[in-house]
Number of protein chains: 2
Amino acid sequence: MARPRKIQELDEPHLEAWRSFLRAHARLTEVLEDELSRDLGLPLVWYDVLIQLRHAGGRLRMHDLARAVLLSRAGLTRLVDRISAAGLVEREPCPDDRRGTFVILTEKGAERLDEARPVHHSGIQEHFGRHVSLREAATLRRVFDRVLRSLEP
Amino acid sequence: MARPRKIQELDEPHLEAWRSFLRAHARLTEVLEDELSRDLGLPLVWYDVLIQLRHAGGRLRMHDLARAVLLSRAGLTRLVDRISAAGLVEREPCPDDRRGTFVILTEKGAERLDEARPVHHSGIQEHFGRHVSLREAATLRRVFDRVLRSLEP
DNA sequence: TGAAACTAGTTGCGCCTGCAACTATTGTGC
DNA sequence: GCACAATAGTTGCAGGCGCAACTAGTTTCA
């Protein structure tokens, strides 16, 4: 008799892929964080903030920056406090929307980013890129983008 | 004239793969953490501790458990404090090595794990496995294991 | 055997984060 | 135009983590 089946079960190969994925992420971010902090005194989140700002042309609203760096707005408030205390970004009120605040990449922030980028990129190459063929990189990107799209609202 | 070249440069496809990897990890763990906490009141790290204990036959030294769940020994001390306060594990002195402490999966912990496992696994299937072909899963595992091996010692 | 080096686990401390509550501003519907 | 809901950002608070220092036990080796 046909019994109702789950749409799909999680099988061993997928579970193994998942476990390797988790472990690789943990180790890679640990190593890259250490390298960037040690060599340049720049935490990875700081780097991420600076990169996102440059990517957006140098300025971003708190709200948008929070989404870009995957942080709560509260978390971002404190983070921007620290980074701006170091002079790498500045806050500026948003003229259109008086609730809003822009975060702006300063000259000094841009310099630090220029120093950090090659270091960080060669870390990624050294520990990740080097071990991944072009074909595999394409697969990774395709798969993860697919996963991400499914998680969007 | 042949100028010295870097061994390898990080190229766009690899960088894109890296970015998607990071975002996918952040979103997936966020969602799975929420599901497990909401449905069963069990944080993901707790689940991980219980699973690792079962995997090891029900008992593990603090030190080994810390490595298994990718936590500092200090972090694990507090984590085990919390989980054992909830009755899911117990500490027991190690007879061979009087510095050592075993963490032991209790009956209650095993029950909670049995409840959580199918929930967590269907979450992984729903948000990850479902979007990944068998062939892709094999690639992911192969790539990440390769990366992990390079990070050992 | 005995001292020095090492290892296991815990604790003090400070950092970073999210949640919930709050203020200020903007948008909506009658 | 005005009350009510929604949104932007900040702050109090508590949880969870790692580092460094500490205690206790073990290994090494002369």
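By convention in this document, chain letters (A, B, ...) are assigned in the order of the sequence lines, proteins followed by strands, and residues within each chain are numbered from 1.
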Just say parallel, tilted or perpendicular for the rings of F144(A) and F21(B), cut-offs at 30° and 60°.
tilted
Think R61(B) has a side-chain N or O under 4.0 angstrom from the OP1 or OP2 of dG9(C)?
yes
Going by salt bridge (charged side-chain N to carboxylate O under 4.0 Å, His left out), name the pairs with one or both residues in [range], residues two or more places apart or in two chains.
range	answer
residues 31-57 of chain A	R54(A)-D114(A)
residues 118-130 of chain B	E126(B)-R130(B)
residues 61-75 of chain B	R61(B)-D97(B)
residues 74-85 of chain A	D81(A)-R91(A)

When you match F102(A) and P43(B) each to their closest nucleotide on DNA chain D, which lands nearer the 5' end?
F102(A)
Could you list the residues that satisfy salt bridge (charged side-chain N to carboxylate O under 4.0 Å, His left out) with [X], not counting sequence neighbours?
X	value
R146(A)	E136(B)
R141(B)	E16(A), D145(B)
R98(A)	none
E30(B)	R27(B)

Whole-Å distance, D97(B) CG to dG9(C) C1', equals 11 Å
Can you check the E33(A) CD to dC16(C) C1' distance for me, whole Å?
11 Å
Residues in contact with DNA chain C, drawn from residues 45-57 of chain A - heavy-atom cutoff 4.0 Å:
none
Please list, by residue number, the residues of residues 65-95 of chain B whose heavy atoms come closer than 4.0 Å to an atom of DNA chain C; answer none if no residue qualifies.
R73(B), A74(B), T77(B), R78(B), R91(B)
Flag yes if more than 12 heavy atoms outside R117(B) fall under 6.0 Å of its CZ atom; otherwise flag no.
no
Ring pair (Phe, Tyr, Trp, His ring centres under 6.0 Å) partners of H120(B), counting only residues at least two apart:
Y47(B)
Toward the 5' end of DNA chain C, which comes first, R99(B) or D96(A), by nearest nucleotide?
R99(B)
Going 5' to 3' along DNA chain D, which nucleotides are the first and last within contact of chain B (any atom under 4.0 Å from a heavy atom)?
dG16(D) to dT26(D)
